[in-house]
Amino acid sequence: MARRIVVGLDGSEYAANALRQACESAKSYAGTVIGVAVVDSPGIESSSLGAGIGAYEYARRAREQKLSDAHEHVKEFLTDFEKTCTEHGVPFELAYHDAVPFQAIVDEARCADLIMIGLRTYFHFETQEEAGDTLRHLMEVGICPVLAVPKIHEKPHNAVICYDGSLQAARAMRAFIHITSLTPGSSTITLLNVTEGTVEDEHVQIEAAQKYIQGYGFDVEVITKPGRASEVIPEVADEKGPCFIVMGAYGRRGSIKHMFFGSTANNLVRNEKYPLFVYH
């Protein structure tokens, strides 16, 4: 169970959905939701660098205006956060940071069980319109499990746990089972092993993982399929309907950037169908 849940607030629909999910989880387990709103002062400052002597005063005023606007937006984020938590009847804490967004979330997550954030993040709202890289940075740090959610999705009733026998996959599996909102006896967990070759001990590892999950009362379906993870995982998730996808940040043969930010995770993030639970 997640007793302390950190939620990144950036004013987007993604963040709003993450907050709703966090409130539902906190209400089920008597938890507390920590809302993190950030003024990206370093980003705003760097966006104003490079102006010539004649443009210096203009750049200074523009920077001050952006900072002022950002502080006002962040206050609105926190007001909406407080209202949502109050409506759900869950305890909450406000966290107002003037810092690099991902670092602010990491600081709050040092004593938390879970980070909930959008699959797309917009913390750099004063300096860029496109989605930012906060999610990627959180994956690299790995301070605690991260649940990244799309802006709209059906409530998951099942989970697909991607398991390759690696330490990272094992950690993600255990973390998810410990804090999942799924109910044993009414939810089926699919243990998915995507094979690109033959490994003698894979069946033993899968059997051990299956027994571990069953020990928590869940029905477990084991699926072993050959192919590319970037193709197989979405296919299985589509077959299982509304579900969580659980995976380690990287696997046996890859680095964090290669595995999580390669084709597999990029496809899952781009499709925006299912919440993605990641840990390493």
| task | Determine the interplanar angle of the Phe102 and His137 rings, folded into 0 to 90°, and report it as parallel if under 30°, tilted if 30 to 60°, perpendicular if over 60°. | result |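 Parallel: the ring planes of Phe102 and His137 meet at under 30°.
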| From Leu9, Thr134, Val7, residue fulfilling side-chain contact (heavy atoms from CB on, under 4.5 Å) relative to Ile105 |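 Of Leu9, Thr134, Val7, side-chain contact (heavy atoms from CB on, under 4.5 Å) with Ile105 is met by Thr134 alone.
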| Tyr279 vs Leu114 side-chain heavy atoms within contact, under 4.5 Å |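 No; the side chains remain at least 4.5 Å from each other.
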| task | Determine yes or no for a side-chain-to-main-chain donor-acceptor pair under 3.5 angstrom, with Thr84 supplying the side chain and Asp80 the backbone. | result | yes
| said: Checking side-chain polar atoms at under 3.5 Å, does Glu13 have a donor or acceptor matched by the opposite partner on Asn17? | reply: no
| request: Decide whether Leu19 and Ile152 are clustered together by the hydrophobic rule: side chain heavy atoms of Ile, Leu, Val, Met, Phe, Trp, Tyr closer than 4.5 Å, transitively. | output: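 No; tracing contacts between hydrophobic side chains, which count when under 4.5 Å, never links both residues.
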| query | Closest heavy-atom contact between Ser41 and Leu67? | reply |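 In terms of heavy atoms, the two residues are closest at OG-CD2, 3.6 Å.
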| Which heavy atom in Ala112 sits nearest to a heavy atom in Cys144, and how many Å separate them? |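 Smallest heavy-atom distance, with atoms named: O-CB, 4.1 Å.
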| task | Quick one: closest heavy-atom pair of Pro150 and Leu119, and the distance? | result | N-CD1, 3.6 Å
| query | Is there side-chain contact between Ile223 and Val232, with heavy atoms separated by less than 4.5 Å? | reply |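 Heavy-atom side-chain distance check fails, nothing below 4.5 Å.
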| task | Could you walk me through whether Tyr96 and Val39 pass side-chain contact (heavy atoms from CB on, under 4.5 Å), step by step? | result | CA-CA 8 Å; Tyr96 191 133; Val39 173; 4.0 Å; yes
| said: With a 4.5 Å cut-off on side-chain heavy atoms, are Glu82 and Leu78 touching? | reply: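 No. Closest side-chain heavy atoms not under 4.5 Å.
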| message | Using 0.5 Å steps for rounding, measure from the CD1 atom of Ile177 to the CE atom of Met173. | response |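 One finds 7.5 Å between CD1 of Ile177 and CE of Met173.
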| remark: What one should report as the nearest heavy-atom pair of Tyr29 and Ser181 is OH-CA, 3.8 Å
| Hey, are the side chains of Cys162 and Ile245 touching, using non-hydrogen atoms and a 4.5 Å cut-off? | yes
| task | Examine Tyr216 and Ile161 and state if one hydrophobic cluster contains both, with Ile, Leu, Val, Met, Phe, Trp and Tyr joined whenever side-chain heavy atoms are less than 4.5 Å apart. | result | yes
| Can you name the nearest heavy-atom pair linking Ala109 to Ile143, along with the distance? |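 Scanning both residues completely, I find the closest heavy atoms to be CB-CG2, 3.7 Å.
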| query | Would you say Asp98 and His71 make side-chain contact, with heavy atoms under 4.5 Å? | reply | yes
| task | State the OH-OG1 distance between Tyr14 and Thr121, to the nearest 0.5 angstrom. | result | 10.5 Å
| Any side-chain heavy-atom pair from Val33 and Phe81 closer than 4.5 angstrom? |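 The answer is yes; the side chains approach within 4.5 Å.
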| Lys225 versus Val236: any side-chain heavy-atom pair under 4.5 Å? |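 Lys225 vs Val236: side chains touch.
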| said: Under a 4.0 Å threshold between the charged nitrogen and the carboxylate oxygen, would Glu24 count as salt-bridged to Arg20? | reply: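 No salt bridge links Arg20 with Glu24.
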| Heavy-atom distance under 4.5 Å between the side chains of Leu182 and Asn158, does that happen here? | no
| field | Partners meeting ring-ring contact (aromatic ring centres under 6.0 Å, His included) with His88 (sequence neighbours left out) | value |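 His88 satisfies ring-ring contact (aromatic ring centres under 6.0 Å, His included) with no residue once adjacent residues are dropped.
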| Roughly how far, to the nearest 0.5 Å, is CZ of Phe244 from NE2 of His157? | 10.0 Å
| task | Please confirm whether the backbone N or O of Glu64 pairs with a side-chain atom of Ser68, one donor and one acceptor, at under 3.5 Å? | result | no
| task | Enter the distance from Thr188:OG1 to Phe218:CZ here, rounded to the nearest 0.5 Å. | result | 10.0 Å
| Nearest atoms (heavy-atom pairs only) where Val38 meets Ala99 | CG1-O, 3.2 Å
| query | Just how far is it from atom NZ of Lys83 to atom CD of Glu87, taken to the nearest 0.5 Å? | reply |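 Answer for the NZ-CD pair, Lys83 versus Glu87, is 5.5 Å.
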| message | For Pro101, is there any backbone N or O sitting under 3.5 Å from a side-chain donor or acceptor partner on Asp40? | response |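 Between the backbone of Pro101 and the side chain of Asp40 there is no qualifying donor-acceptor contact (under 3.5 Å).
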| request: Decide if atom CD of Glu154 counts as having more than 12 heavy atoms of other residues, nucleotides or ligands within a radius under 6.0 Å. | output: no
| task | Using the side-chain contact (heavy atoms from CB on, under 4.5 Å) rule, take Thr32 and Glu93 through it: C-alpha gap first, then chi angles, then the decisive distance, then the call. | result | CA-CA 7 Å; Thr32 299; Glu93 297 176 10; 4.1 Å; yes
| message | Would Phe277 and Phe176 count as a ring-ring contact (aromatic ring centres under 6.0 Å, His included) here? Give the steps. | response | CA-CA 7 Å; Phe277 182 98; Phe176 179 77; 5.2 Å; yes
| query | Do side-chain atoms of Arg4 reach the backbone of Cys111 as a donor and acceptor pair under 3.5 angstrom? | reply | yes
| said: Using modelled atom types and a 3.5 Å cut-off, is there a donor and acceptor pairing between side-chain atoms of Arg3 and backbone atoms of Asp113? | reply: no
| To the nearest 0.5 Å, what is the distance between CZ (Phe123) and OG (Ser12)? | 7.5 Å
| query | Can you name the one residue among Thr190, Ile189, Leu192, Leu191 that meets side-chain contact (heavy atoms from CB on, under 4.5 Å) with Glu221? | reply |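 Only match with Glu221 under side-chain contact (heavy atoms from CB on, under 4.5 Å): Thr190.
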| said: As a quick check of understanding, evaluate side-chain contact (heavy atoms from CB on, under 4.5 Å) for Lys273 and Asp238, giving each step before the final call. | reply: CA-CA 9 Å; Lys273 284 187 177 181; Asp238 286 342; 3.3 Å; yes
